[in-house]
Amino acid sequence: MSTPSTGGNARRDFYERIGGLSMAPLWEQLHQLVPPQPKPGYVAAHWDYAQVRPFLMESGSLITAKEAVRRVLILENPSLRGTACVTPTLYAGLQLILPGEVAPSHRHTQSALRFIVEGRGAYTAVDGERTLMHEGDFVITPSWTWHDHGNDSSGPMVWLDGLDIPMVALFNAGFAENGADDAQAVIAPSGTADARFASGLLPVDWRPGGQTSPIFNYPYSRTREALRGLERAGPPDPCHGWKLRYVNPATGGAPIATMGTFMQLLPKGFETAPYRSTDGTVFSVVEGEGETRIGDVTVRWRPRDHFVVPSWTTVVHRPSSEAVLFSFSDRPVQERLDLWREQRLVDA
Ligand code: GTQ
C-alpha cells in the first residue's frame with residue numbers, strides 16, 4: 001500500500017520536529033533493527049601468505065618492534081576498512097618480531113591470543129613468566145596482564161594476533177599502561193604455569209579467580225597428538241571433521257572469556273556438510289591444502305593462509321590433503337548471552 005502523499009509529508013514534517021528533540025520513529029527502521037535472521041554486513045575474505053609475507057618482511061625494515069611497540073599488519077575485513085575489524089567483534093593481525101628485537105612490556109584490558117604462524121623460539125612473557133613459542137602453538141595474554149615479546153632465535157617470528165578490541169571498544173572499557181622496562185623481570189622459571197595447571201592437576205588450595213585460563217601456552221605438539229588420537233577413535237563429524245575446543249582446565253570454559261579457539265583435523269578428500277553458526281570466525285591454516293566455500297565465495301588455501309567466515313554464512317571445507325585448521329570467534333560471549341545458534345545442514 002502506498003502512503004498518501006499528504007500523509008508522507010505530514011510524517012516527514014513530524015520526523016523533523018521530533019528530530020529536534022533527538023528522537024526518531026522506530027517504524028521507519030524496525031526491520032533493520034530486528035532482522036528475521038543475521039545479515040552480517042561484512043564479507044568473507046582470504047589472506048594468501050605468499051602475498052602477505054613479503055609486505056610483513058618489508059615492514060621489518062621500515063620500523064623496529066620497539067618503535068612500533070607492536071609491529072603488526074592488521075587483517076581488516078574488506079567491507080570494514082578503517083575500523084581495524086576482521087569481524088564487527090574481533091580484531092586480527094599478523095605480528096612480526098625479528099631476531100634480537102623486543103616488543104616492549106605493556107598491559108591492557110583487551111585480551112589477546114597468539115597463534116604461531118612461522119618461526120620457532122621467540123618468547124612471550126606474561127606476568128613474569130616466559131614461554132617459548134613454536135608453529136601451531138596457541139598462546140594467551142589475559143586481560144590486564146603485563147606482556148612483552150622477544151626474539152632470541154635466529155629467524156623471524158610471525159604470529160596471528162586475535163584480540164577483542166572491538167568488543168572492549170563497544171563497552172568503552174579500554175584501559176592500557178606501558179611497563180617501566182622494555183622486558184619485564186622474569187620472576188618464575190619457564191614451565192611453572194604448565195607444572196601447576198597443565199597436567200590434569202591443580203595446586204591443592206587454588207581456586208579460579210575469574211574465567212581466564214592459568215595456562216598460557218597450549219603447544220601444538222599436544223594439540224596435534226590429541227587430534228591423532230581422535231582420528232584413531234572414531235569417524236569424523238560430518239560438519240567439523242575431528243574438532244576440539246581449547247579449554248581453561250579449571251573451569252571447562254574457553255581460555256579467554258571473550259574469544260573461543262578451536263583446532264580441527266580434516267581427512268584428505270573429505271567434504272564437510274554445510275554448516276553455519278552465528279559466530280563470525282577467523283581461520284589460520286596449519287597443515288594441508290584445500291578450499292572452503294563461504295556462502296557463494298570460494299577460497300583456496302595453503303598453510304599459513306588466513307580467512308574469515310562471516311556470521312550465519314554457510315561453510316563447506318574441501319581439503320585436498322589431510323588438513324589442520326585453527327580458528328577463533330566470539331562464541332563464548334554469544335553463549336553466555338544465550339545468543340549463539342548453529343545450523344547443521346546434514347541428514348540425520
Ligand atoms: O601484542 O599487545 O596486534 O596490544 C594489537 C594490540 C597486538 C599486543 C596487537 C596489541 C597487541
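The analysis underlying the following values was restricted to heavy atoms, covering all of them including side chains, and did not include hydrogens, waters or symmetry mates. Because the structure is predicted, anything quoted here is derived from the model rather than measured. Start at 1 and go down the list; that is how both ligands and their atoms are numbered.
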Tabulating one pair per line, provide the atom names and distances (0.1 Å) for every N/O atom of ligand 1 that is less than 3.5 Å from a protein N/O atom.
| residue | atom | partner | partner atom | Å |
| --- | --- | --- | --- | --- |
| ligand 1 | 1 (O) | Arg70 | NE | 2.8 |
| ligand 1 | 1 (O) | Arg114 | NH1 | 2.9 |
| ligand 1 | 1 (O) | Arg114 | NH2 | 3.2 |
| ligand 1 | 1 (O) | His149 | NE2 | 3.1 |
| ligand 1 | 2 (O) | Arg70 | NE | 3.0 |
| ligand 1 | 2 (O) | His106 | NE2 | 2.8 |
| ligand 1 | 2 (O) | His108 | NE2 | 3.2 |
| ligand 1 | 2 (O) | His147 | NE2 | 2.9 |
| ligand 1 | 3 (O) | Tyr91 | OH | 2.7 |
| ligand 1 | 3 (O) | Asp161 | OD2 | 2.7 |
| ligand 1 | 4 (O) | His106 | NE2 | 3.4 |
| ligand 1 | 4 (O) | His108 | NE2 | 2.9 |

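Both cation-pi conditions hold for Arg130 and Tyr123: the charged atom is under 6.0 angstrom from the six-membered ring centre and inside a 45 degree cone around its axis.
Side chains of Gln95 and Asp161: a donor-acceptor N/O pair is present below 3.5 angstrom, by distance only.
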request  = Using the ring-ring contact (aromatic ring centres under 6.0 Å, His included) rule, take Trp301 and His306 through it: C-alpha gap first, then chi angles, then the decisive distance, then the call.
outcome  = CA-CA 8 Å; Trp301 41 258; His306 294 85; over 10 Å; no

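Here the side chains of Trp159 and Leu94 are not in contact, with every heavy-atom distance at 4.5 Å or above.
Ring centroids of Tyr275 and His317 are separated by 6.0 Å or more, keeping the two rings apart.
Of the candidates Gln37, Arg341, Arg331, Arg341 is the only one forming a side-chain contact (heavy atoms from CB on, under 4.5 Å) with Thr278.
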